[in-house]
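We name chains A, B, ... by the order of the sequence lines, and we start the count at 1 in each one. Every value quoted in this text rests on a predicted model; they were computed, and no experiment measured them.
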Protein chains: 2
Amino acid sequence: MSQPEKHTKDKILDAALDLFCVDGYSTVSIRDIGKAVGIKESSIYYHFKNKEDILQSLFDQSEQWTQMRKSQFNQALDAVSEIECEKFIFAGVAYLESYLLEEKINKMIRMLMMEKQRSLKAAEIYRQLFFTVPLEHHKNVFTRMRDKGYIAGDDPELLAAEYQSIILYVFHKYFSGPDIASDAERAAARLELSVLLKRFFKQHIQTAYG
Amino acid sequence: MSQPEKHTKDKILDAALDLFCVDGYSTVSIRDIGKAVGIKESSIYYHFKNKEDILQSLFDQSEQWTQMRKSQFNQALDAVSEIECEKFIFAGVAYLESYLLEEKINKMIRMLMMEKQRSLKAAEIYRQLFFTVPLEHHKNVFTRMRDKGYIAGDDPELLAAEYQSIILYVFHKYFSGPDIASDAERAAARLELSVLLKRFFKQHIQTAYG
DNA sequence: GTCTATAAATGGATAGAC
DNA sequence: GTCTATCCATTTATAGAC
């Protein structure tokens with residue numbers, strides 16, 4: 001292994017996320033987390049003040065990942081603002097597959113989806129992740145496309161909302177249950193997303209060949 | 001009061017839903033429920049076998065409400081298939097306001113949203129409520145509109161998906177946090193929904209005056 | 001940093017009186 | 001139908017040994 005072994009503190013966070021995202025914060029006991037890591041529950045208190053402290057650390061992590069995504073969005077802005085239909089669809093499918101369905105992020109989303117009902121912080125991160133950050137990015141993309149003449153005078157903010165609503169719809173439709181997404185479900189989701197994005201493209205975006 | 005007082009069993013279910021939809025099933029104790037109803041916890045076991053039994057009864061209720069909605073949809077089918085833009089928007093806003101945000105249903109949705117990660121039954125009801133039932137109804141509506149010539153040969157199933165994605169988007173954007181929806185949030189949600197539905201209408205539906 | 005041991009509180013659930 | 005009393009398992013968290 002060239003990778004240094006993870007510190008216990010990180011192992012605890014990973015194990016806690018694994019458990020929280022399925023059973024919810026309060027169902028999971030410190031014992032459960034300790035067992036998953038392979039240490040006694042009392043040892044956890046060396047790394048974290050209490051159980052709530054673990055949850056808050058996971059919220060902090062989620063926030064960081066969301067901000068990272070924001071940076072990635074900004075860096076990729078140039079790449080996505082020139083467009084063909086196939087590339088446009090590919091970008092949306094990639095957003096679903098390598099972000100919303102990426103293992104760690106997906107676990108965070110599942111956890112946030114449960115805790116947002118109780119925790120204002122969780123609710124705020126959920127909003128950032130599913131609305132604030134992507135909407136701003138999409139708006140930037142569509143603004144550029146409009147400036148380049150690919151879109152006929154349409155409101156970029158509305159286009160962003162419409163686009164994100166499609167993403168959200170497919171995500172919730174296919175990945176809201178307790179099971180880990182099967183290959184068949186992933187394929188169905190990919191297909192429906194492609195169809196809806198193709199429609200979106202044809203309706204709103206003029207190709208250079210049109 | 002002409003209304004007969006609710007039986008204790010129903011009071012227990014109401015109180016349990018109130019607590020479950022905010023804190024989640026496992027956070028809430030039988031003692032909490034008893035306190036909310038005004039009886040001792042042991043009395044609850046006269047009405048329900050155990051704590052899980054209460055949750056399952058609430059799931060059953062949710063399922064019944066979802067099926068009721070299905071019937072309502074079917075009965076209202078004729079009324080919505082002749083259309084002006086304003087009526088079209090009004091129908092969508094009403095779907096949000098007097099169904100998804102109706103007090104009892106909204107509590108059920110919040111509960112299901114948390115429990116669907118653990119419970120297959122909750123996940124299934126959630127799917128029915130947000131996808132299966134409304135998608136079928138929307139599809140019927142758009143099929144009728146197509147048959148009457150209001151829609152130019154578009155696929156009713158895709159239109160249904162696009163329509164529902166707008167509803168879902170607004171619902172999740174404005175009502176995913178722990179707070180009860182304020183009047184301001186409700187107004188903002190109504191406004192954004194109206195704008196998006198108006199767009200949808202102008203893009204897909206030909207008026208008789210066009 | 002991890003362990004054993006233990007405190008103190010809370011949880012689900014039952015028995016039996018009224 | 002509801003109460004009091006009680007049981008027993010589990011939980012969070014701490015103290016102190018190694």
Side-chain angles (χ1 to χ4, degrees), chain A residues 1 3-61 111 114-115 117-122 178, chain B residues 1 3-61 110-111 114-115 117-122:
Chain A
M1 293 276 201
Q3 293 257 355
E5 185 163 343
K6 277 202 170 182
H7 292 154
T8 305
K9 187 160 187 173
D10 291 322
K11 283 192 201 167
I12 294 170
L13 286 173
D14 288 348
L17 179 60
D18 278 342
L19 296 167
F20 289 168
C21 77
V22 175
D23 295 325
Y25 172 72
S26 29
T27 314
V28 177
S29 72
I30 299 271
R31 265 186 187 75
D32 294 330
I33 300 171
K35 199 177 288 177
V37 176
I39 57 175
K40 289 291 168 187
E41 79 235 58
S42 54
S43 304
I44 292 178
Y45 289 93
Y46 174 81
H47 301 279
F48 295 92
K49 210 183 81 196
N50 52 30
K51 193 185 167 188
E52 181 70 21
D53 188 27
I54 300 175
L55 183 65
Q56 292 301 325
S57 299
L58 285 172
F59 286 166
D60 290 341
Q61 269 196 11
M111 179 184 68
M114 285 189 271
E115 304 310 327
Q117 310 286 346
R118 282 191 315 127
S119 155
L120 271 173
K121 184 160 184 184
Chain B
M1 291 277 200
Q3 292 258 353
E5 185 165 342
K6 277 202 169 183
H7 292 154
T8 305
K9 187 161 186 171
D10 291 323
K11 284 192 200 166
I12 294 170
L13 286 174
D14 289 348
L17 179 59
D18 278 342
L19 296 166
F20 290 168
C21 77
V22 175
D23 295 325
Y25 172 72
S26 25
T27 315
V28 177
S29 72
I30 298 270
R31 272 183 182 79
D32 293 330
I33 300 170
K35 199 176 291 176
V37 176
I39 58 175
K40 290 291 168 187
E41 80 234 61
S42 55
S43 303
I44 292 179
Y45 288 93
Y46 175 81
H47 301 279
F48 295 93
K49 211 182 81 195
N50 51 30
K51 192 184 167 188
E52 182 70 22
D53 188 25
I54 299 175
L55 183 65
Q56 292 300 326
S57 299
L58 285 172
F59 286 164
D60 290 341
Q61 269 197 9
R110 285 167 181 267
M111 178 184 71
M114 287 189 269
E115 304 310 326
Q117 310 287 344
R118 282 190 317 124
S119 154
L120 272 174
K121 184 161 185 185

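- Between A:C21 and A:M114, the shortest heavy-atom distance links the atoms O-CE, 3.2 Å.
- Annotation for A:K6 and A:D14: closest pair NZ-OD2, 2.8 Å, computed over non-hydrogen atoms.
- Separation of atoms CE (B:M111) and OH (B:Y25) is listed at 11.0 Å; rounding is to 0.5 Å.
- Among the heavy atoms of the strands lying under 4.0 Å from B:S29 are primed sugar atoms or P, OP1, OP2 only; no base atom is included.
- Residue A:D32 holds its CG atom at 12.5 Å from CG of A:D18, rounded to the nearest 0.5 Å.
- Rounded to an integer number of Å, the gap from CG of A:D23 to P of D:dT11 is 12 Å.
- The side chain to side chain contact (heavy atoms under 4.5 Å, CB included) test with B:H47 singles out one residue from B:T8, B:I54, B:L13, and that residue is B:T8.
- Using a 4.0 Å heavy-atom criterion, one finds that B:V28 contacts the sugar-phosphate atoms exclusively.
- If you walk DNA chain C from 5' to 3' and mark each nucleotide with an atom closer than 4.0 Å to a heavy atom of chain A, the marks span C:dG1 to C:dT4.
- Under the 4.5 Å side-chain criterion, counting only non-hydrogen atoms from C-beta, B:E41 is not in contact with B:I33.
- For the residue pair A:Y45 and A:I30, the shortest heavy atom distance occurs at OH-CG1, 3.7 Å.
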Enumerate all atom pairs, one protein N or O and one N or O from nucleotides 13-15 of chain D, separated by less than 3.5 Å.
| from | atom 1 | to | atom 2 | distance (Å) |
| --- | --- | --- | --- | --- |
| D:dA13 | OP2 | A:Y45 | OH | 3.3 |
| D:dA13 | OP2 | A:K51 | N | 3.1 |

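- Taking the charged nitrogens against the carboxylate oxygens, A:D60 and A:K121 do have a contact shorter than 4.0 Å, which makes a salt bridge.
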